[in-house]
Amino acid sequence: MTARTRTYGQFCGLARAMELVGERWALLIVRDLVLGPKRYTELQAGLPKIPPSILSARLNEMEEAGVIRRRIRPDLDAGLVYELTEYGSELDHILLDLGLWGARSLSHPGPDDVFTLDAAILSLYTTFQSEAAAGVQVTFEIQYHDSMILHAMVDDGALKVSEGRHSDADLIIRSSQGPALLDVIGGQVTPAEAVIAGKVSIEGDLRDLELFTRLFRLTAAPEPQEGVVLH
């Protein structure tokens with residue numbers, strides 16, 4: 001089934017966008033490609049619950065729509081990768097805004113929920129406060145566990161997040177799971193409380209963890225109202 005087979009029957013830009021990337025799993029595929037080209041097996045690893053037939057279908061649909069393309073990389077043994085086109089790359093800020101909006105309703109993961117490296121990297125981009133970072137130069141290394149380590153370099157309002165350790169990090173933050181750090185940047189606990197309670201551990205100055213919470217911040221979504229709103 002091609003990307004144009006299912007339509008909303010509306011002459012509307014939003015409806016067209018949903019036809020292109022609104023199918024189940026499509027935006028998560030785009031999310032993982034925002035960070036760079038990936039092989040099919042790498043996309044599978046980042047989306048462990050997607051059936052192979054659905055992954056193949058979404059890739060084909062988005063390729064037909066001009067959102068992604070296939071490219072041969074001779075430097076790789078299995079040289080075929082998927083990447084965003086220039087048109088598809090325009091989704092990056094939309095994804096960050098949508099990710100931030102959704103993150104405001106996150107609580108704690110279920111037992112089967114997966115927290116991937118790509119999700120961890122994008123969570124920093126979505127919560128980054130560029131205005132608060134003006135004139136700031138600092139590097140954080142974040143360790144969720146031994147197999148998921150990333151670093152975030154802040155340079156005068158700009159942010160660069162990459163996989164792996166950083167030899168000259170100003171602060172190393174260790175969090176056994178994503179929600180512990182989410183509670184800190186969400187204001188549920190102060191940096192000092194988080195360290196005392198063992199929610200996170202650090203190598204470095206506590207003041208740098210306080211700086212981290214100013215540079216990466218998440219406000220909770222409003223509580224839903226019950227019944228009819230009366231004005």
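- To the nearest 0.5 angstrom, L33 atom CG is 9.5 Å from S89 atom OG.
- Counting only heavy atoms from C-beta outward, the side chains of F140 and H151 never approach each other to under 4.5 Å.
- In this model, no donor atom of one side chain and acceptor atom of the other lie less than 3.5 Å apart for E42 and Q44.
- Side-chain atoms of K199 never come within 3.5 Å of backbone atoms of E193 as a donor-acceptor pair (strictly under, hydrogens ignored).
- Across S105 and A221, no two heavy atoms sit closer than the pair OG-CB, 3.7 Å.
- Contact between V81 and P37 at its shortest, heavy atoms only, is CG2-CB, 4.0 Å.
- A continuous path of Ile, Leu, Val, Met, Phe, Trp and Tyr side chains, each step under 4.5 Å between heavy atoms, connects L28 with L59, placing both in one hydrophobic cluster.
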Practice prompt. Step by step, work out the side chain to side chain contact (heavy atoms under 4.5 Å, CB included) result for L20 and Y87.
Written response: CA-CA 12 Å; L20 297 179; Y87 184 43; 4.0 Å; yes
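- Note that the CG atom of D118 and the CG atom of D32 stand 4.5 Å from one another [nearest 0.5 Å].
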Discussion item. Please determine whether side chain to side chain contact (heavy atoms under 4.5 Å, CB included) holds for the pair M62 and V30, giving the CA-CA distance in whole Å, both sets of side-chain angles, and the decisive distance to 0.1 Å.
Written reply: CA-CA 9 Å; M62 287 192 289; V30 174; 3.8 Å; yes
Worksheet item: How far apart are the C-alpha atoms of T139 and D168, what are their side-chain angles, what is the distance that settles it, and do they pass the side chain to side chain contact (heavy atoms under 4.5 Å, CB included) test?
Response: CA-CA 8 Å; T139 299; D168 197 27; over 6 Å; no
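- L122 approaches R31 most closely through the heavy-atom pair CD1-CG, 3.0 Å.
- Residues M18 and I29 do not share a hydrophobic cluster, clusters being chains of Ile/Leu/Val/Met/Phe/Trp/Tyr side chains in contact below 4.5 Å.
- Between V136 and L215 the shortest side-chain heavy-atom distance falls below 4.5 Å.
- The distance from atom CZ of F115 to atom CE of M148, rounded to the nearest 0.5 Å, is 6.0 Å.
- What you find for Y144 and A120 is that their closest heavy atoms are CE1-CB, 3.8 Å.
- The side-chain heavy atoms of V21 and V67, taken from C-beta on, include a pair separated by under 4.5 Å.
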Discussion item. Working note: E19 + R16, criterion salt bridge (Lys or Arg N to Asp or Glu O under 4.0 Å); need CA distance, chi angles, decisive distance, verdict.
Written reply: CA-CA 5 Å; E19 290 165 5; R16 181 61 182 144; 3.2 Å; yes
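- When each of R70, K38, R71 is tested with E83 by the rule side-chain contact (heavy atoms from CB on, under 4.5 Å), just one qualifies, namely R71.
- With T85 contributing its side chain and G66 its backbone, the two residues share a donor-acceptor pair below 3.5 Å.
- In this structure, the side chains of Y40 and S56 come closer than 4.5 Å at one or more pairs of heavy atoms.
- Residues I172 and L150 do not share a hydrophobic cluster, defined by chaining ILVMFWY side chains whose heavy atoms lie under 4.5 Å apart.
- Rounding to the nearest 0.5 angstrom, the gap separating the CG atom in L100 from the OG1 atom in T219 is 7.0 Å.
- Contact between A152 and V161 at its shortest, heavy atoms only, is CB-CG2, 4.2 Å.
- Side-chain contact between S175 and I142 is absent, with no heavy atoms from C-beta onward closer than 4.5 Å.
- Within the 4.5 Å cutoff, the side chain of L98 has heavy atoms near those of the L27 side chain.
- Between D156 and Q137 the shortest heavy-atom distance is N-CG, 4.4 Å.
- A salt bridge links E61 with R58; the closest basic N to acidic carboxylate O contact falls under 4.0 Å.
- Atoms CG and CZ, on L209 and R214 in that order, are 10.0 Å from each other to the nearest 0.5 Å.
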Practice prompt. Please step through side chain to side chain contact (heavy atoms under 4.5 Å, CB included) for the pair M153 and H166, ending with a clear verdict.
Written response: CA-CA 9 Å; M153 297 181 291; H166 193 284; 3.7 Å; yes
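- Rounded to the nearest 0.5 Å, atoms CG (L43) and OG1 (T41) are 8.0 Å apart.
- The shortest side-chain heavy-atom distance between D170 and E203 does not fall under the 4.5 Å cut-off.
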Practice prompt. Could you please spell out the steps behind the side-chain hydrogen bond (donor to acceptor under 3.5 Å, both in side chains) verdict for E141 and Q143?
Written response: CA-CA 7 Å; E141 180 180 307; Q143 302 179 5; 2.6 Å; yes
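- Both L91 and W25 sit in one connected hydrophobic cluster of ILVMFWY residues. Membership requires side-chain heavy atoms under 4.5 Å apart, directly or through other members.
- Using a 4.5 Å heavy-atom threshold, the side chains of F212 and L181 count as touching.
- Remark: side-chain polar atoms of R69 are not paired, donor with acceptor, to backbone N or O of Y82 under 3.5 angstrom.
- In terms of modelled atom types and a separation under 3.5 Å, the side chain of Q129 and the main chain of T127 share a donor-acceptor contact.
- No more than 12 heavy-atom neighbours from other residues, nucleotides or ligands sit within 6.0 angstrom of CD on E163.
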